[in-house]
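Here's the structure, in structure tokens; my notes come after.
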Amino acid sequence: DTEVTQTPKHLVMGMTNKKSLKCEQHMGHRAMYWYKQKAKKPPELMFVYSYEKLSINESVPSRFSPECPNSSLLNLHLHALQPEDSALYLCASSQDWGQPNQPQHFGDGTRLSIL
Amino acid sequence: GQNIDQPTEMTATEGAIVQINCTYQTSGFNGLFWYQQHAGEAPTFLSYNVLDGLEEKGRFSSFLSRSKGYSYLLLKELQMKDSASYLCAPHGGATNKLIFGTGTLLAVQP
């Protein structure tokens, strides 16, 4: 079991649907992250939130919209996705952002399939 | 630019020792993490090196040479459950990001 909880574990959606991925941590971490991972590839950073403010957007298409309602929650809103967006979406958190000696703790991910 | 190189796959025998190498070139460097990822699961933190030398944590050890841009993860007394992907991840650069290597898929055989 991980200390970062992601829901749902699996999601199948059509290209016209709107859905949201959710992530929650109760470790008091101030930095939260979204990563995308394709099969047999490493995680790729999408967004970083620090103290509930968006700090990094890795040129992610606008069909992915992150939101950080409070320090424990991180959402990823999805709209008009493409088949190539099918992947494992990982949420992570760390005590602070940019501090080199603080590991990121990952959730189990949401496996997303776009029809 | 960023470049991280580690072997794609390795095979080892239960009870043996295996060393997974990683070389990296990053525009900035603050330290290096190793993560383990079982298929379909979350990456889990294994070790962190910021200074040159060896860090030991039970059956796992990690080594870093900053001047050579080189790290390795050493796994001793291999168990079947150690079959997983091992990700080398330097930390740093202009935006203090964690950059993951492509991972080394380790298969432990009886």
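The sequence lines fix the lettering, A, B, ..., with proteins before strands; numbering per chain opens at 1.
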Do the side chains of A:Val60 and A:Met32 join up, straight or via other hydrophobic residues, at under 4.5 Å, putting them in one cluster?
yes
Grouping I, L, V, M, F, W and Y whenever their side-chain heavy atoms are under 4.5 Å apart, do A:Leu11 and A:Leu88 come out in a common cluster?
no
Straight-line distance of B:His38 NE2 to A:Asp108 CG, nearest 0.5 Å:
12.5 Å
Measure the spacing between NZ of A:Lys41 and CZ of B:Phe100 and express it to the nearest 0.5 Å.
15.5 Å
For A:Gln104, the option from B:Phe33, B:Tyr35, B:Phe45 that meets side-chain contact (heavy atoms from CB on, under 4.5 Å):
B:Tyr35
Which atoms of A:Tyr35 come close to chain B, meaning under 4.5 Å heavy atom to heavy atom: side chain ones, backbone ones, both, or neither?
side chain
Counting heavy-atom pairs under 4.5 Å with chain A, which one of B:Pro43, B:Gly40, B:Gly31 comes out on top?
B:Pro43
Who wins among B:Asn49, B:Leu98, B:Leu87 for the most heavy-atom pairs under 4.5 Å with chain A?
B:Leu98
Within the supplied structure, the quantity of interest is the number of heavy atoms (other residues, nucleotides, ligands) at a distance under 6.0 Å from [X] [atom1]; does it exceed 12?
X	atom1	result
A:Lys38	NZ	yes
B:Lys68	NZ	no
A:Met27	CE	yes
B:Glu77	CD	no

B:Ile4 versus A:Pro42: any side-chain heavy-atom pair under 4.5 Å?
no
